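Reading through the structure tokens given below for one structure.
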Amino acid sequence: MIGEPDLGEQALSKVAEMGITSQLDEVENLDVQIRTNPFQLMQGKVDSVTVAGEGAVMNQDLRMESFEVRTGSIAINPGSALFGKIELTQPADANARFVLHEDDLNRAFSSDFLREKLQNVTVQVNGQPVLVDITNAKIDLLDAQKLELEADVLLKETNETHHFKANATPKVQEQGQRIGLDILSTEAEGLSPEIMDALCNTMMEFLDLRNFNLQGMSLTLQRLDMDSDRLTLNTTTIIEEFPSA
């Protein structure tokens, strides 16, 4: 089988595609390209792997408009490759890019998972816990440097509901594991700046990069780019193993 021109590439690409698809709730289009040749496969070498997808939905109802993962050369078990299985003999480095449309971000906010997560939230204000419900959350990507968050918040202690808006600049936090915010301005009556900061950062917690990890892959955010419609996450990736179906 491996002696046929390109047949090894095609077989391994299909196996990888099936494994990745099994890790996604939905995907509109997925293409996996593995570049190698029969001689390299017998030596356990692959030149590169490229994974490109559109309309992928991860756990927690987080949809990506598109994503792409690219590796350089990787080392695999040649015996496993004979049976159409990709088994890494050492971790592989890759670069990955995820594009999230504003509509996708708001879809995540309206998902059952996040609606539940934003109920009975404890935020710390001046060292004291404050219990709140956050509803009607919305995000608006304004330009390359700024976004707007909007929501209603119920203060459980007083049973008072307040509406707030906040303009903020996103930034990389927690060693590249999540996106934080620098708050630029806020609009709200009856809410302190401290609780506003806490609420905004709570709303952004769903962009924890661990939500994007497939089986055997871990991501570190290097840079984020933003325009009026899309948020693009550029990451480095360590692949310990390829997802299997």
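Model, not experiment: these values are computed from the prediction.
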Chi angles and distances behind the side-chain contact (heavy atoms from CB on, under 4.5 Å) call for Leu131, Asn120: CA-CA 6 Å; Leu131 191 64; Asn120 295 312; 4.2 Å; yes

query: Are Ile86 and Val49 side-chain neighbours, meaning at least one heavy-atom pair lies under 4.5 Å?
result: no

query: How about Leu147 and Leu231: do any of their side-chain heavy atoms sit closer than 4.5 Å?
result: no

Greater than 12 external heavy atoms within 6.0 Å of Lys138's NZ: no

- request: Check whether any side-chain N or O of Thr169 sits under 3.5 Å from a backbone N or O of Gln145 as a donor-acceptor pair, and report yes or no.
  value: yes

query: Would you say Glu150 and Asp140 make side-chain contact, with heavy atoms under 4.5 Å?
result: no

Evaluation steps, side-chain contact (heavy atoms from CB on, under 4.5 Å), between Gln33 and Arg35: CA-CA 6 Å; Gln33 297 290 334; Arg35 295 303 178 208; 3.2 Å; yes

- prompt: Are Asp225 and Arg223 ion-paired here, with the side-chain N under 4.0 Å from a carboxylate O?
  reply: yes

Thr232 side chain reached by Arg97 side chain, heavy atoms, under 4.5 Å: yes

- prompt: Is there a path from Val99 to Leu219 through hydrophobic residues (I, L, V, M, F, W, Y) whose side chains come within less than 4.5 Å of each other?
  reply: no

task: Evaluate the side-chain proximity of Phe242 to Ile74: yes if any heavy-atom separation is below 4.5 Å, no if none is.
output: yes

- prompt: Can we say Arg107 and Asp104 salt-bridge, meaning some charged N sits less than 4.0 Å from an Asp/Glu carboxylate O?
  reply: no

- prompt: So do the side chains of Leu12 and Val32 get within less than 4.5 Å of each other, counting heavy atoms only?
  reply: no

field: Close side-chain approach of Leu181 and Leu149, heavy atoms under 4.5 Å
entry: yes

field: Sidechain-backbone polar pair: Thr36 side chain, Lys45 backbone, donor-acceptor under 3.5 Å
entry: yes

- prompt: Is any side-chain heavy atom of Asp197 closer than 4.5 Å to a side-chain heavy atom of Glu194?
  reply: no

